[in-house]
Amino acid sequence: MLMRMTFSVAVAGASGYAGGEVLRLLADHPEARIGALTAHSSAGQPLGQHQPHVRALADRILEPTTPATLAGHDVVVLALPHGASGEIAAQLPAETLVVDLGADHRLASAEDWQDYYGSEHAGTWPYGMPELLTAGGGRQRTHLAGARRIAVPGCNVTAVTLGLQPGVAAGIVEPTDLVAVLANGYSGAGKSLRTPLLASEALGSASPYAVGGTHRHIPEIAQNLRSAGAGDVTISFTPTLVPMARGILATATARLVDPALTDAQVRAAWADAYADEPFVHLLPEGTWPSTAMTLGANTALVQVAVDRRAGRVVTVTAIDNLVKGTAGAAVQSINLALGLPETLGLTVQGVAP
């Protein structure tokens, strides 16, 4: 295990949004030495043509994504489309820390993978959400120490899980009656050129997608809430693209199990769950999260309230989908796996206005 020493890291898919965000964070990580940067159709081009904001690496030339190019590094980050990571990871040395930003290795259930992705399941890796509540009052971070394969959560999954899991773990909400509606920035859809993603189509418009229980993050959310103590999980999940580049604002509600619980008792479950978390913050009462508060930061900002008329707990969670929702979680997990301080190379300071 590496202890406070420089590690080399290769990034596959460096021309995409997730790959670019990992590079932005790692470029300022005090222990990271950035090695090979690879891409598919962009191979042979300078990184600056695709990630001009990452100035320290702008002159680096993107190489083809092959196991041979990625091998020989302490850490390999795979920022690839789903279905592409499994084959490459299988050809990398067992001692290499491989971190998958895609969906290939998140789900424990091969049946769930088949239902939602329609291909062969690549297997299950340790899950890269350090704050995930686990059986017996533990946290997922204990399972990341020394890991050599890590699956980073989906960005929507992170927002919904962090919003709901304290109530599930405390047994104060009903996990079979969950509703989540999200406002999502367009970077979550990736860089592929599609008509609905053009500025002329998107500006001034909000558009739902994957409606009616079809979104691929649904089984992952349920998996996480079962980790937090739920039995059966039923969730109505509706994401909506809104005209912003980054961010997720997730409003998730659940039926209150015991209407006699006071607002203070409900709030205490969230306060206790996140009291010692460096990146997940319960906001003061009366202050509601916004995506602007998290822009560029590895923070998840959460608020909770009780809707007495509806008998429901309401949570609102804001994250930057590219940082806490993807690249920041990856760097957190890398730090834990290598025995480094979890917060190294990460910031809670956002960018405003």
Side-chain angles (χ1 to χ4, degrees), residues 18 21-22 25 77-79 85 97-109 112 124-169 175 180 182 188 216-230 233 235 237 248 250 252 270 273-282 294 297-302 315 317-338 340 342-344 346 348:
E21 194 68 4
V22 166
L25 298 178
V77 177
L78 301 176
S85 298
L97 172 55
V98 183
V99 181
D100 187 5
L101 304 190
D104 289 22
H105 302 95
R106 296 171 184 164
L107 295 180
S109 168
D112 281 346
T124 306
W125 290 358
Y127 192 65
M129 184 186 290
E131 304 89 354
L132 179 66
L133 301 177
T134 57
R139 311 276 169 143
Q140 180 64 16
R141 59 172 47 87
T142 61
H143 300 286
L144 296 174
R148 284 300 173 264
R149 296 291 188 271
I150 295 174
V152 174
C155 53
N156 296 312
V157 179
T158 297
V160 175
T161 298
L162 294 177
L164 288 173
Q165 68 170 356
V168 170
L182 285 69
R216 288 167 167 169
H217 285 173
I218 290 173
E220 191 181 343
I221 295 169
Q223 176 176 286
N224 289 353
L225 297 181
R226 288 193 297 269
S227 170
V233 175
I235 182 167
F237 174 85
I248 295 173
W270 275 258
Y274 297 136
D276 299 321
E277 288 295 342
F279 297 118
V280 185
H281 303 156
L282 179 65
T294 65
N298 194 51
T299 48
L301 302 183
V302 183
T315 70
T317 305
I319 63 170
D320 184 322
N321 60 297
L322 292 178
V323 191
K324 184 57 181 156
T326 307
V331 173
Q332 264 186 270
S333 298
I334 290 169
N335 287 339
L336 287 164
L338 298 182
L340 299 170
E342 184 176 339
T343 59
L344 201 63
L346 295 167
V348 297

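Hydrogens, waters and symmetry mates are skipped; everything else that's a heavy atom, side chains included, is used. For reference, positions follow the sequence shown, starting with 1.
Nearest heavy-atom pair across A300 and I319 is CB-CG2, 3.6 Å. Scanning all heavy atoms of the two residues, the minimum distance from A159 to I248 falls at CB-CG2, 3.9 Å. Between L344 and V331 the shortest heavy-atom distance is O-CG1, 3.9 Å. Minimum heavy-atom separation, A250 to L182: CB-CG, 3.7 Å. Residue Q332 comes nearest to P130 through the heavy atom pair NE2-CG, 3.5 Å, listed as atom of the first residue, atom of the second, then distance. The shortest non-hydrogen separation linking D320 to T294 is N-OG1, 3.3 Å.
Not counting sequence neighbours, the partners of R141 by the side-chain hydrogen bond (donor to acceptor under 3.5 Å, both in side chains) test are E277, E342. With sequence neighbours left out, A108 forms a side-chain contact (heavy atoms from CB on, under 4.5 Å) with T124, Q223. Evaluation of the ring pair (Phe, Tyr, Trp, His ring centres under 6.0 Å) rule for F237 yields H215 as partners, not counting sequence neighbours. Residues that satisfy the side-chain hydrogen bond (donor to acceptor under 3.5 Å, both in side chains) test with N224, not counting sequence neighbours, are Y127, T161. Not a single side-chain hydrogen bond (donor to acceptor under 3.5 Å, both in side chains) links T158 to another residue, sequence neighbours left out. For Q140, there are no side-chain hydrogen bond (donor to acceptor under 3.5 Å, both in side chains) partners two or more places apart in sequence or in a different chain. For A327, the side-chain contact (heavy atoms from CB on, under 4.5 Å) criterion is met by E21, V22, L25, not counting sequence neighbours.
Atom-to-atom distance recorded for L282:CG and Y274:OH is 9.5 Å, nearest 0.5 angstrom. To the nearest 0.5 Å, atom CZ of residue R139 and atom OG1 of residue T134 are 8.5 Å apart. With rounding to the nearest 0.5 angstrom, the CG atom of L346 is 4.5 Å from the CG atom of N298. Atoms CG and OG1, on L164 and T317 in that order, are 7.5 Å from each other to the nearest 0.5 Å. The structure places OG of S227 at 7.5 Å from NE2 of H143, a figure rounded to the nearest 0.5 Å.
For residues 97-109, every residue pair satisfying the salt bridge (Lys or Arg N to Asp or Glu O under 4.0 Å) rule, not counting sequence neighbours, is listed here: R106-E220. Within the structure, salt bridge (Lys or Arg N to Asp or Glu O under 4.0 Å) contacts touching residues 125-135 (residues at least two apart or in different chains) are E131-K324.
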- Item | Worked verdict on R148 versus V98 for side chain to side chain contact (heavy atoms under 4.5 Å, CB included) | CA-CA 6 Å; R148 284 300 173 264; V98 183; over 6 Å; no
Expected list for residues 150-157: side-chain donor-acceptor pairs under 3.5 angstrom, two or more places apart:
from: N156; atom 1: OD1; to: N184; atom 2: ND2; distance (Å): 2.6
from: N156; atom 1: ND2; to: H217; atom 2: ND1; distance (Å): 3.2

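In terms of modelled atom types and a separation under 3.5 Å, the side chain of T315 and the main chain of A252 share a donor-acceptor contact.
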